[in-house]
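So that the names make sense, note that chain A is the first sequence line, chain B the second, and so on, each numbered from 1. Just so you know, these numbers come straight off a predicted model, no measurement behind them.
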Amino acid sequence: MTVHRVPIATCRGTFVACFSERGLVRLNWPTDKPVPKRTLTTGHGVGLAKVRRWRQLTDQALRRALAGRAPSRLPPLDLSAGTAFQRRVWRLLRRIPLGQTWSYAQVAAALGAPAAARAVGQACGANPIPVLVPCHRVRRSDGSLGGFSGGLAWKRWLLAQEARAGR
DNA sequence: CCCTAGCGGTGCT
DNA sequence: AGCACCGCTAGGG
């Protein structure tokens, strides 16, 4: 399966979006390492025009999300790599309204698996599309932040943006 | 703040 | 099948 890797420049650094033939399959955090060259391979399933369209949608959606506002439109998300449980968690995360946070236990309960809070945390950590699949809106039952694969500074910042924009 | 027991999903062997 | 991970939780110092 060919994957197209495309840099997405934002006010907080350059993310790298990866597109499968089904849509956005992964969003990588900005790193200090040099941004890899765009890899757009022709002739294998994915039309370049489609990827360009998805790139544009991702760019706009990410811009809005980083401003703490709801993206108007998302590219198709390819979450097929996850397990059944992970996909259920990720689907539920997308229904947490912007500006709200749920606890890992609340997410687990909403899935009908009230004892699986820890597994929910693990699934959040495996979220391949951070920010757009808002795993940052989940924290511990005691109100503390809990973990974040992108680093707690990002989690704090994203929640602050959403709180600010919501006022 | 710390510690502990208990929990479910996942990936490795 | 077993086992050691984990973005957790409730309970207790």
Practice problem: Give me the residues of residues 133-156 of chain A where at least one heavy atom lies under 4.0 Å from an atom of DNA chain B, by number, or none. | Solution: none
Practice problem: For A:Asn28, enumerate each residue passing the side-chain contact (heavy atoms from CB on, under 4.5 Å) test, keeping only those at least two apart in sequence or located in another chain. | Solution: A:Arg5, A:Val16, A:Cys18, A:Arg26
Atom pairs, N/O to N/O, protein against nucleotides 11-13 of chain B, distance under 3.5 Å?
none

Self-check item: Min side-chain heavy-atom separation A:Pro130-A:Leu27 under 4.5 Å
Solution: yes
List, one per line, each side-chain donor-acceptor pair under 3.5 Å for residues 140-149 of chain A, sequence neighbours excluded.
residue: A:Asp142; atom: OD1; partner: A:Ser144; partner atom: N; Å: 2.9
residue: A:Asp142; atom: OD1; partner: A:Ser144; partner atom: OG; Å: 2.6

Practice problem: For C:dC6 and B:dC7, measure between their C1' atoms and round to the nearest Å. | Solution: 12 Å
Practice problem: Take A:Trp157 and A:Leu66, measure what side-chain contact (heavy atoms from CB on, under 4.5 Å) needs, and give me the verdict at the end. | Solution: CA-CA 9 Å; A:Trp157 186 84; A:Leu66 293 181; 3.9 Å; yes
Quiz item: Would you write out the dot-bracket form of DNA chain B, 5' to 3', with Watson-Crick and G-U pairs under 3.5 Å, [ ] for crossing pairs, | for pairs to other strands and . for unpaired bases?
Solution: ||||||.||||||
Quiz item: Could you walk me through whether A:Val6 and A:Trp54 pass the side-chain contact (heavy atoms from CB on, under 4.5 Å) check?
Solution: CA-CA 10 Å; A:Val6 179; A:Trp54 291 348; over 6 Å; no
Exercise. Return the orientation label for the A:Phe15 and A:Trp154 ring planes: parallel under 30°, perpendicular over 60°, tilted otherwise.
Key: perpendicular
Quiz item: So which pairs with a foot in residues 69-81 of chain A pass side-chain hydrogen bond (donor to acceptor under 3.5 Å, both in side chains), sequence neighbours left out?
Solution: A:Ser20-A:Asp78, A:Asp78-A:Ser80
Exercise. Taking the side chain as every heavy atom from C-beta outward, state whether A:Trp29 and A:Val131 have any pair of such atoms under 4.5 Å apart.
Key: yes
Under 3.5 Å donor-acceptor pairs involving side-chain atoms of residues 104-123 of chain A, not counting sequence neighbours:
residue: A:Tyr104; atom: OH; partner: A:Lys155; partner atom: NZ; Å: 3.2
residue: A:Gln106; atom: OE1; partner: A:Ser103; partner atom: N; Å: 2.8

Are any protein N/O atoms closer than 3.5 Å to N/O atoms in nucleotides 6-8 of chain B? If there are, list each pair with its distance.
residue: B:dG6; atom: O6; partner: A:Arg118; partner atom: NH1; Å: 3.1
residue: B:dG8; atom: N2; partner: A:Gln122; partner atom: OE1; Å: 3.2

Self-check item: Pairs touching residues 129-138 of chain A that satisfy salt bridge (Lys or Arg N to Asp or Glu O under 4.0 Å), sequence neighbours left out
Solution: A:Arg137-A:Glu162
Practice problem: Supply the atom-to-atom distance A:Gln56 CD to A:Ile8 CD1, rounded to the nearest 0.5 angstrom. | Solution: 10.5 Å
Quiz prompt | Sequence neighbours excluded - salt bridge (Lys or Arg N to Asp or Glu O under 4.0 Å) pairs with any residue from residues 53-68 of chain A | solution = A:Arg55-A:Asp59, A:Asp59-A:Arg63
Exercise. Hey, could you give me each pair passing side-chain hydrogen bond (donor to acceptor under 3.5 Å, both in side chains) that has a residue in residues 87-96 of chain A? Not counting sequence neighbours.
Key: none
Quiz prompt | Working for side-chain contact (heavy atoms from CB on, under 4.5 Å), residues A:Leu48 and A:His4 | solution = CA-CA 10 Å; A:Leu48 285 191; A:His4 298 223; 4.0 Å; yes
Practice problem: Could you grab the distance from atom CD1 of A:Ile129 to atom CG of A:Leu77, nearest 0.5 Å is fine? | Solution: 4.5 Å
Exercise. Could you list by number each residue of residues 89-106 of chain A showing a heavy-atom separation from DNA chain B of less than 4.0 Å, or answer none if no residue does?
Key: none
